[in-house]
Structure formats: structure tokens, C-alpha cells
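Side-chain atoms are counted along with the backbone in the values below, which use heavy atoms only and exclude waters and symmetry mates. Computed from a predicted structure; not experimentally measured.
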Amino acid sequence: RVEIERLPYDKRPYDIWTQELWHQCFDTFGLLRLASAEEFEGHCERAARILERGSKIDRENIEIREALERVNSKIAADR
């Protein structure tokens, strides 16, 4: 519980529509938040797909690029 409280993103549950329709989303901040939640839940491959979508929308977004590198490192370490 304490670990969840320290997370830098909004900890409220996501709307199911956001979770299911992320591939149609153009809000890079929302995608970054959703990817962070997926990463925290241990779904790094899904987080990477979401971050790749965000990267396609805004190629210069440093936060998305850093998050994608972090997630890809976790994926590579798990293999």
C-alpha cells in the first residue's frame, strides 16, 4: 500500500473504456499514465505497446522515450 501511495501517477482505477481503447487515443499524457499503471501491474509488454503508440504521436516527448527504454529494459531482463 505504501509503495502505491508513492507512485508518481494518478492511482485511481482507470475507466475500462480507456483501458480498452488506448490504441485510438491521441493524449500522450493519458497514454503515459496508462502505461505506468500497466508497468506497475507487471504487464511490461502491454506498457511497451502503449508507449510505442505515444511515441508515434509525439516523437519528441522525453518522458515517453525514457519510460519506453525503462520498460524495454525490464522486458529484456525477464527473458
Side-chain angles (χ1 to χ4, degrees):
R1 177 85 179 139
V2 172
E3 184 177 346
I4 291 173
E5 294 301 321
R6 290 189 304 220
L7 292 174
Y9 61 89
D10 191 352
K11 296 162 267 309
R12 290 174 290 174
Y14 266 83
D15 179 17
I16 196 163
W17 293 108
T18 303
Q19 288 177 317
E20 295 302 318
L21 298 175
W22 64 265
H23 58 280
Q24 296 178 9
C25 180
F26 288 91
D27 175 15
T28 55
F29 180 72
L31 290 170
L32 184 61
R33 287 179 52 216
L34 180 58
S36 296
E38 293 291 347
E39 178 185 0
F40 180 73
E41 292 292 324
H43 306 139
C44 290
E45 290 183 12
R46 182 174 168 96
R49 289 192 306 270
I50 294 167
L51 291 167
E52 287 168 1
R53 164 87 176 146
S55 180
K56 288 178 184 175
I57 294 167
D58 184 359
R59 296 187 189 280
E60 297 182 16
N61 189 317
I62 294 170
E63 290 178 319
I64 289 177
R65 281 191 278 151
E66 289 174 350
L68 186 55
E69 287 176 19
R70 184 183 62 246
V71 169
N72 283 333
S73 294
K74 286 184 178 181
I75 292 170
D78 287 344
R79 290 184 182 183

H43 side, atom NE2; R49 side, atom CZ - distance, nearest 0.5 Å
10.5 Å
A48 and N72 have their tightest heavy-atom pair at CB-OD1, 3.9 Å
CD1-SG distance between I57 and C25, expressed to the nearest 0.5 angstrom
6.5 Å
Please round to the nearest 0.5 Å and tell me the distance separating atom CG of L51 and atom NZ of K56.
12.5 Å
With rounding to the nearest 0.5 angstrom, report the CG to CG distance, D27 to L34.
10.5 Å
Output, in order, the C-alpha distance, side-chain angles, deciding distance and verdict of side chain to side chain contact (heavy atoms under 4.5 Å, CB included) for E38 and W22.
CA-CA 12 Å; E38 293 291 347; W22 64 265; over 6 Å; no
Correct closest heavy-atom pair for A35 and A47 would be O-CB, 3.4 Å
Quick check: is F29 connected to I62 through a chain of hydrophobic side chains (ILVMFWY, heavy atoms under 4.5 Å apart)?
no
Output, in order, the C-alpha distance, side-chain angles, deciding distance and verdict of salt bridge (Lys or Arg N to Asp or Glu O under 4.0 Å) for R65 and E52.
CA-CA 9 Å; R65 281 191 278 151; E52 287 168 1; over 6 Å; no
Indicate the atoms forming the closest heavy-atom contact of G54 with T28, along with that distance.
O-CG2, 3.8 Å
Exam field: side chain S36 to backbone L32, donor-acceptor pair closer than 3.5 Å
yes
Can any side-chain N or O of R53 pair as donor or acceptor with the backbone N or O of L31 at less than 3.5 Å?
no
First locate atom CG of D78, then atom SG of C44, and finally report the distance between them rounded to the nearest 0.5 Å.
6.5 Å
Flag the pair E39 / R70 as yes when at least one side-chain heavy-atom distance between them is below 4.5 Å, and no otherwise.
yes
